[in-house]
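Chain A is the first sequence line, chain B the second, and so forth, proteins listed ahead of strands; every chain is numbered from 1. FYI, side chains are in, hydrogens and waters are out, and symmetry mates aren't considered; it's all heavy atoms of this structure.
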Number of protein chains: 2
Amino acid sequence: MARASHKLTEAEWAIMQAVWKLQPCAAPTVQEALAGARKWSYSTVKTIMDRMAAKGLLATEKIRNLVLYRSAVTRRQAQRGEVMRTIKQAFNGALTPMMQFLLEGHDFTEQQLGELEALIHKKRRQSSKRRKR
Amino acid sequence: MARASHKLTEAEWAIMQAVWKLQPCAAPTVQEALAGARKWSYSTVKTIMDRMAAKGLLATEKIRNLVLYRSAVTRRQAQRGEVMRTIKQAFNGALTPMMQFLLEGHDFTEQQLGELEALIHKKRRQSSKRRKR
DNA sequence: TTGCAGCCTCTACAAGTGTAGAGTAGGATC
DNA sequence: GATCCTACTCTACACTTGTAGAGGCTGCAA
(Lines give C-alpha, C1' and ligand atoms only; values in the text may rest on other atoms or scores of the structure.)
Protein backbone atom coordinates (compact mmCIF):
# COMPACT_ATOMS: atom_id res chain seq x y z
CA MET A 1 0.00 0.00 0.00
CA ALA A 2 3.06 2.10 -0.34
CA ARG A 3 3.98 5.41 1.08
CA ALA A 4 2.11 7.32 3.72
CA SER A 5 0.19 10.49 3.25
CA HIS A 6 1.34 12.59 0.41
CA LYS A 7 -0.62 15.68 0.98
CA LEU A 8 -2.69 16.89 -1.91
CA THR A 9 -3.11 20.47 -2.93
CA GLU A 10 -6.52 21.80 -3.75
CA ALA A 11 -5.96 21.39 -7.47
CA GLU A 12 -4.76 17.86 -6.89
CA TRP A 13 -7.86 17.02 -4.93
CA ALA A 14 -10.01 18.17 -7.79
CA ILE A 15 -8.10 16.04 -10.24
CA MET A 16 -8.07 13.09 -7.90
CA GLN A 17 -11.81 13.17 -7.41
CA ALA A 18 -12.24 13.02 -11.15
CA VAL A 19 -9.74 10.22 -11.56
CA TRP A 20 -11.33 8.13 -8.83
CA LYS A 21 -14.58 8.45 -10.64
CA LEU A 22 -13.39 7.96 -14.19
CA GLN A 23 -10.31 5.84 -14.03
CA PRO A 24 -8.71 4.56 -16.09
CA CYS A 25 -8.90 7.78 -18.00
CA ALA A 26 -6.94 10.14 -20.19
CA ALA A 27 -6.12 13.73 -19.42
CA PRO A 28 -8.65 15.22 -21.83
CA THR A 29 -11.40 13.22 -20.18
CA VAL A 30 -10.49 14.68 -16.84
CA GLN A 31 -10.31 18.14 -18.23
CA GLU A 32 -13.77 17.83 -19.70
CA ALA A 33 -15.14 16.40 -16.50
CA LEU A 34 -13.84 19.35 -14.55
CA ALA A 35 -14.65 21.93 -17.17
CA GLY A 36 -17.74 23.05 -15.32
CA ALA A 37 -16.06 23.64 -12.00
CA ARG A 38 -12.63 24.90 -13.01
CA LYS A 39 -11.76 26.69 -16.17
CA TRP A 40 -8.52 24.88 -16.73
CA SER A 41 -6.96 24.57 -20.13
CA TYR A 42 -5.91 21.16 -21.27
CA SER A 43 -2.28 22.04 -20.64
CA THR A 44 -2.99 22.93 -17.06
CA VAL A 45 -4.73 19.70 -16.32
CA LYS A 46 -2.14 17.65 -18.08
CA THR A 47 0.70 19.38 -16.28
CA ILE A 48 -0.83 18.82 -12.89
CA MET A 49 -1.55 15.22 -13.69
CA ASP A 50 1.97 14.54 -14.86
CA ARG A 51 3.38 16.13 -11.76
CA MET A 52 1.07 13.97 -9.70
CA ALA A 53 2.30 10.92 -11.54
CA ALA A 54 5.87 11.95 -10.81
CA LYS A 55 4.98 12.17 -7.13
CA GLY A 56 3.39 8.75 -7.17
CA LEU A 57 -0.15 9.98 -6.76
CA LEU A 58 -1.22 8.70 -10.14
CA ALA A 59 -0.13 5.69 -12.13
CA THR A 60 0.22 5.92 -15.87
CA GLU A 61 0.06 3.50 -18.71
CA LYS A 62 0.99 4.50 -22.20
CA ILE A 63 -1.03 2.98 -25.02
CA ARG A 64 0.05 4.17 -28.40
CA ASN A 65 -0.04 7.90 -28.19
CA LEU A 66 -2.52 7.89 -25.35
CA VAL A 67 -1.68 8.08 -21.68
CA LEU A 68 -4.09 6.42 -19.29
CA TYR A 69 -4.11 7.50 -15.68
CA ARG A 70 -5.17 5.63 -12.60
CA SER A 71 -5.08 6.69 -9.00
CA ALA A 72 -2.18 5.27 -7.04
CA VAL A 73 -3.73 6.31 -3.76
CA THR A 74 -7.15 5.34 -2.56
CA ARG A 75 -9.69 7.91 -1.61
CA ARG A 76 -9.55 6.57 1.88
CA GLN A 77 -5.81 6.99 2.12
CA ALA A 78 -6.05 10.53 0.88
CA GLN A 79 -8.84 11.33 3.29
CA ARG A 80 -6.89 9.83 6.10
CA GLY A 81 -3.86 11.91 5.28
CA GLU A 82 -5.91 15.04 5.17
CA VAL A 83 -7.69 14.35 8.41
CA MET A 84 -4.55 13.35 10.25
CA ARG A 85 -2.84 16.50 9.15
CA THR A 86 -5.71 18.59 10.39
CA ILE A 87 -5.79 16.84 13.72
CA LYS A 88 -2.09 17.17 14.15
CA GLN A 89 -1.80 20.74 13.05
CA ALA A 90 -4.92 22.36 14.35
CA PHE A 91 -5.71 20.21 17.36
CA ASN A 92 -2.28 19.19 18.55
CA GLY A 93 -2.95 15.62 17.62
CA ALA A 94 -5.94 15.25 19.87
CA LEU A 95 -8.88 13.56 18.26
CA THR A 96 -11.69 14.15 20.71
CA PRO A 97 -11.33 17.93 20.80
CA MET A 98 -11.68 17.88 17.08
CA MET A 99 -14.79 15.74 17.28
CA GLN A 100 -16.19 18.09 19.86
CA PHE A 101 -15.43 20.98 17.65
CA LEU A 102 -17.28 19.35 14.80
CA LEU A 103 -20.25 18.46 16.90
CA GLU A 104 -20.53 21.82 18.54
CA GLY A 105 -20.01 23.91 15.49
CA HIS A 106 -22.60 22.38 13.23
CA ASP A 107 -26.23 21.54 13.02
CA PHE A 108 -27.25 17.99 12.46
CA THR A 109 -30.50 16.42 11.51
CA GLU A 110 -32.10 13.96 13.86
CA GLN A 111 -31.13 11.22 11.48
CA GLN A 112 -27.51 12.20 11.39
CA LEU A 113 -27.38 12.30 15.15
CA GLY A 114 -28.89 8.86 15.25
CA GLU A 115 -26.29 7.53 12.89
CA LEU A 116 -23.51 8.96 14.91
CA GLU A 117 -24.93 7.55 18.06
CA ALA A 118 -25.18 4.15 16.49
CA LEU A 119 -21.58 4.40 15.44
CA ILE A 120 -20.53 5.20 18.94
CA HIS A 121 -22.46 2.30 20.33
CA LYS A 122 -20.79 0.04 17.88
CA LYS A 123 -17.45 1.46 18.83
CA ARG A 124 -18.17 0.88 22.44
CA ARG A 125 -19.13 -2.72 21.89
CA GLN A 126 -15.99 -3.27 19.94
CA SER A 127 -13.76 -1.78 22.54
CA SER A 128 -15.35 -3.54 25.45
CA LYS A 129 -14.89 -6.76 23.56
CA ARG A 130 -11.26 -5.91 23.04
CA ARG A 131 -10.81 -5.29 26.70
CA LYS A 132 -12.24 -8.63 27.67
CA ARG A 133 -9.98 -10.54 25.37
CA MET B 1 -14.78 39.21 12.98
CA ALA B 2 -13.21 40.04 9.69
CA ARG B 3 -12.35 37.86 6.83
CA ALA B 4 -13.09 34.20 6.56
CA SER B 5 -10.65 31.38 6.65
CA HIS B 6 -7.23 32.25 5.53
CA LYS B 7 -5.61 28.93 5.37
CA LEU B 8 -2.43 28.50 7.30
CA THR B 9 0.59 26.61 6.14
CA GLU B 10 2.35 24.24 8.46
CA ALA B 11 4.97 26.80 9.36
CA GLU B 12 2.27 29.34 10.00
CA TRP B 13 0.48 26.99 12.33
CA ALA B 14 3.61 26.56 14.36
CA ILE B 15 4.08 30.29 14.65
CA MET B 16 0.43 30.85 15.40
CA GLN B 17 0.43 28.34 18.22
CA ALA B 18 3.31 30.19 19.79
CA VAL B 19 1.71 33.58 19.32
CA TRP B 20 -1.57 32.45 20.83
CA LYS B 21 0.35 31.31 23.86
CA LEU B 22 2.73 34.22 24.21
CA GLN B 23 1.03 37.24 22.75
CA PRO B 24 1.72 40.05 22.73
CA CYS B 25 5.21 39.00 21.84
CA ALA B 26 8.21 39.91 19.74
CA ALA B 27 9.71 37.79 17.03
CA PRO B 28 12.75 36.70 19.05
CA THR B 29 10.45 35.40 21.77
CA VAL B 30 8.65 33.26 19.27
CA GLN B 31 11.84 32.01 17.79
CA GLU B 32 13.12 30.95 21.19
CA ALA B 33 9.84 29.31 22.04
CA LEU B 34 10.01 27.23 18.91
CA ALA B 35 13.72 26.59 19.04
CA GLY B 36 13.22 23.10 20.40
CA ALA B 37 10.82 21.95 17.74
CA ARG B 38 12.07 23.75 14.65
CA LYS B 39 15.58 24.88 14.00
CA TRP B 40 14.62 28.16 12.47
CA SER B 41 16.97 31.07 12.42
CA TYR B 42 15.72 34.38 13.66
CA SER B 43 15.42 35.63 10.09
CA THR B 44 13.23 32.76 9.12
CA VAL B 45 10.81 33.31 11.94
CA LYS B 46 10.72 37.03 11.43
CA THR B 47 10.12 36.66 7.70
CA ILE B 48 7.24 34.29 8.19
CA MET B 49 5.73 36.48 10.85
CA ASP B 50 5.92 39.58 8.71
CA ARG B 51 4.34 37.77 5.82
CA MET B 52 1.61 36.62 8.15
CA ALA B 53 1.08 40.19 9.26
CA ALA B 54 0.83 41.25 5.62
CA LYS B 55 -1.83 38.61 5.12
CA GLY B 56 -3.77 39.78 8.12
CA LEU B 57 -3.04 36.76 10.25
CA LEU B 58 -1.07 38.72 12.80
CA ALA B 59 -1.45 42.26 14.02
CA THR B 60 1.60 44.33 14.79
CA GLU B 61 2.35 47.25 16.99
CA LYS B 62 5.63 49.07 16.79
CA ILE B 63 7.09 50.35 20.03
CA ARG B 64 10.39 52.07 19.55
CA ASN B 65 12.47 49.64 17.65
CA LEU B 66 10.49 46.67 18.84
CA VAL B 67 7.64 45.05 16.98
CA LEU B 68 4.97 43.36 19.03
CA TYR B 69 2.80 40.74 17.40
CA ARG B 70 -0.68 39.59 18.27
CA SER B 71 -2.86 37.08 16.58
CA ALA B 72 -5.53 38.58 14.36
CA VAL B 73 -7.34 35.30 14.09
CA THR B 74 -8.56 33.23 16.98
CA ARG B 75 -7.53 29.65 17.41
CA ARG B 76 -11.11 28.71 16.90
CA GLN B 77 -11.35 30.53 13.63
CA ALA B 78 -8.21 28.92 12.39
CA GLN B 79 -9.39 25.49 13.46
CA ARG B 80 -12.68 26.09 11.81
CA GLY B 81 -11.00 27.09 8.58
CA GLU B 82 -8.86 24.01 8.61
CA VAL B 83 -11.71 21.68 9.36
CA MET B 84 -14.02 23.21 6.82
CA ARG B 85 -11.36 22.93 4.17
CA THR B 86 -10.87 19.28 4.95
CA ILE B 87 -14.56 18.56 4.88
CA LYS B 88 -15.01 20.39 1.64
CA GLN B 89 -12.00 18.99 -0.11
CA ALA B 90 -11.81 15.46 1.10
CA PHE B 91 -15.42 14.71 1.91
CA ASN B 92 -17.25 16.79 -0.66
CA GLY B 93 -18.62 18.99 2.03
CA ALA B 94 -20.39 16.25 3.90
CA LEU B 95 -19.88 16.34 7.61
CA THR B 96 -21.21 13.01 8.77
CA PRO B 97 -19.05 10.90 6.49
CA MET B 98 -16.10 12.66 7.96
CA MET B 99 -17.28 11.97 11.47
CA GLN B 100 -17.80 8.38 10.55
CA PHE B 101 -14.37 8.22 9.13
CA LEU B 102 -12.94 9.57 12.34
CA LEU B 103 -14.91 7.23 14.51
CA GLU B 104 -14.15 4.18 12.46
CA GLY B 105 -10.52 4.83 11.94
CA HIS B 106 -9.46 5.34 15.51
CA ASP B 107 -9.53 3.76 18.89
CA PHE B 108 -11.15 5.57 21.71
CA THR B 109 -11.11 5.03 25.42
CA GLU B 110 -14.33 4.31 27.20
CA GLN B 111 -14.19 7.78 28.63
CA GLN B 112 -13.80 9.45 25.29
CA LEU B 113 -16.72 7.51 23.90
CA GLY B 114 -18.77 8.60 26.89
CA GLU B 115 -17.90 12.21 26.26
CA LEU B 116 -18.85 11.99 22.66
CA GLU B 117 -22.10 10.34 23.50
CA ALA B 118 -22.88 13.05 25.98
CA LEU B 119 -22.19 15.63 23.34
CA ILE B 120 -24.55 13.97 20.96
CA HIS B 121 -27.26 13.82 23.56
CA LYS B 122 -26.82 17.48 24.21
CA LYS B 123 -26.97 18.15 20.50
CA ARG B 124 -30.14 16.19 20.22
CA ARG B 125 -31.82 18.06 23.02
CA GLN B 126 -30.84 21.32 21.43
CA SER B 127 -32.12 20.42 18.05
CA SER B 128 -35.38 19.01 19.25
CA LYS B 129 -35.92 22.21 21.17
CA ARG B 130 -35.21 24.16 18.02
CA ARG B 131 -37.74 22.16 16.13
CA LYS B 132 -40.47 22.80 18.66
CA ARG B 133 -39.95 26.52 18.58
C1' DT C 1 33.08 57.10 23.00
C1' DT C 2 33.52 52.78 21.88
C1' DG C 3 31.59 48.38 21.86
C1' DC C 4 28.44 44.93 22.39
C1' DA C 5 23.93 42.84 22.48
C1' DG C 6 19.44 42.78 20.53
C1' DC C 7 16.32 43.37 17.21
C1' DC C 8 15.44 45.10 12.76
C1' DT C 9 15.41 45.60 7.53
C1' DC C 10 16.71 44.11 2.95
C1' DT C 11 17.70 40.97 -0.27
C1' DA C 12 18.04 36.41 -2.21
C1' DC C 13 17.29 31.97 -3.68
C1' DA C 14 15.45 27.28 -4.49
C1' DA C 15 11.45 24.41 -4.65
C1' DG C 16 6.75 23.90 -5.40
C1' DT C 17 2.34 25.35 -7.52
C1' DG C 18 -1.03 27.34 -10.74
C1' DT C 19 -1.49 28.46 -15.32
C1' DA C 20 -0.97 28.09 -20.14
C1' DG C 21 0.90 28.84 -25.04
C1' DA C 22 3.45 26.91 -29.03
C1' DG C 23 4.62 23.53 -31.48
C1' DT C 24 4.61 18.17 -32.73
C1' DA C 25 3.12 13.48 -34.02
C1' DG C 26 -0.18 9.88 -35.25
C1' DG C 27 -4.48 8.38 -37.10
C1' DA C 28 -8.68 9.51 -39.83
C1' DT C 29 -10.71 11.89 -43.94
C1' DC C 30 -11.15 13.62 -48.40
C1' DG D 1 -0.90 12.94 -50.45
C1' DA D 2 -2.76 17.02 -48.03
C1' DT D 3 -5.46 18.19 -44.23
C1' DC D 4 -7.31 18.02 -39.79
C1' DC D 5 -8.22 16.57 -35.23
C1' DT D 6 -6.60 15.05 -30.99
C1' DA D 7 -3.57 14.19 -27.51
C1' DC D 8 1.06 15.03 -26.45
C1' DT D 9 5.57 17.34 -25.17
C1' DC D 10 8.27 21.32 -24.02
C1' DT D 11 8.97 25.50 -22.14
C1' DA D 12 7.87 29.42 -19.45
C1' DC D 13 6.46 32.53 -16.09
C1' DA D 14 4.60 34.52 -11.88
C1' DC D 15 3.57 33.74 -7.14
C1' DT D 16 4.07 31.45 -2.67
C1' DT D 17 6.71 29.22 0.79
C1' DG D 18 10.73 27.80 3.39
C1' DT D 19 15.04 29.32 4.55
C1' DA D 20 18.60 32.47 5.77
C1' DG D 21 22.74 35.78 5.40
C1' DA D 22 24.53 40.60 5.63
C1' DG D 23 24.41 44.62 7.37
C1' DG D 24 22.04 48.61 10.15
C1' DC D 25 20.18 51.16 14.38
C1' DT D 26 19.86 51.89 19.37
C1' DG D 27 20.57 51.84 24.07
C1' DC D 28 23.40 50.36 27.86
C1' DA D 29 27.97 49.12 29.93
C1' DA D 30 32.71 49.94 30.37
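Judged purely by atom type and a 3.5 angstrom limit, A:E104 has no side-chain atom pairing as donor or acceptor with the backbone of B:L119.
The distance between atom OH of B:Y42 and atom P of C:dT9, rounded to the nearest whole Å, is 7 Å. Rounded to whole Å, the distance from NZ on A:K39 to P on C:dG18 is 18 Å. At whole-Å resolution of the value, CE in A:M52 and P in C:dG18 are 10 Å apart. Following rounding to the nearest Å, A:D50 (CG) and C:dT19 (P) show an atom-to-atom distance of 16 Å. If you measure from atom CD1 of A:I63 to atom P of D:dA7, you get 14 Å, rounded to the nearest angstrom. D:dT17 atom C1' lies 13 Å from atom CG of B:L8, rounded to whole Å. Spacing between atom CE of B:M16 and atom P of D:dT17 amounts to 14 Å, rounded to whole angstrom units. Atom C1' of nucleotide D:dC8 and atom CD of A:Q31 are separated by 13 Å, given to the nearest angstrom.
For the OP1/OP2 pair of D:dG18 and a distance below 4.0 Å, the side-chain nitrogens and oxygens of B:T9 include at least one atom meeting the criterion. In terms of phosphate contacts, A:K7 brings no side-chain nitrogen or oxygen within less than 4.0 Å of OP1 or OP2 of C:dT17. For the pair B:W40 and D:dT19, the criterion of a side-chain N or O lying under 4.0 Å from OP1 or OP2 is met. Here B:K46 does not reach the OP1 or OP2 of C:dC7: none of its side-chain N or O atoms lies under 4.0 Å away. Note on B:K62: a side-chain N or O is less than 4.0 Å away from OP1 or OP2 of C:dT9.
If A:N65 and A:R51 are placed on DNA chain D by their nearest nucleotide, the residue sitting closer to the 5' end is A:N65. With DNA chain C read from its 5' end, the first of the two nearest nucleotides for B:L66 and A:E12 is the one closest to B:L66.
Closest approach of A:F108 and A:L116 over heavy atoms only: CE2-CD1, 4.0 Å. Shown here for B:K46 and B:Y69, the closest heavy-atom pair between the two residues is NZ-OH, 2.7 Å.
No hydrogens or angles were tested; on distance alone, nothing pairs the side chain of A:T44 with the base of C:dG18 as donor and acceptor under 3.5 Å.
A salt bridge is absent between A:E82 and A:K7: the closest approach of a Lys/Arg side-chain nitrogen to an acidic carboxylate oxygen does not fall below 4.0 angstrom.
Checking C:dT19, C:dT17, D:dT19 against the side-chain heavy atoms of A:T47 singles out C:dT19 as nearest. Of the candidate nucleotides D:dC8, C:dA22, D:dG18, D:dG18 has the atom nearest to the side chain of B:A11.
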Take A:T47 and A:T44, measure what side chain to side chain donor-acceptor pair (under 3.5 Å) needs, and give me the verdict at the end. CA-CA 5 Å; A:T47 302; A:T44 302; over 6 Å; no
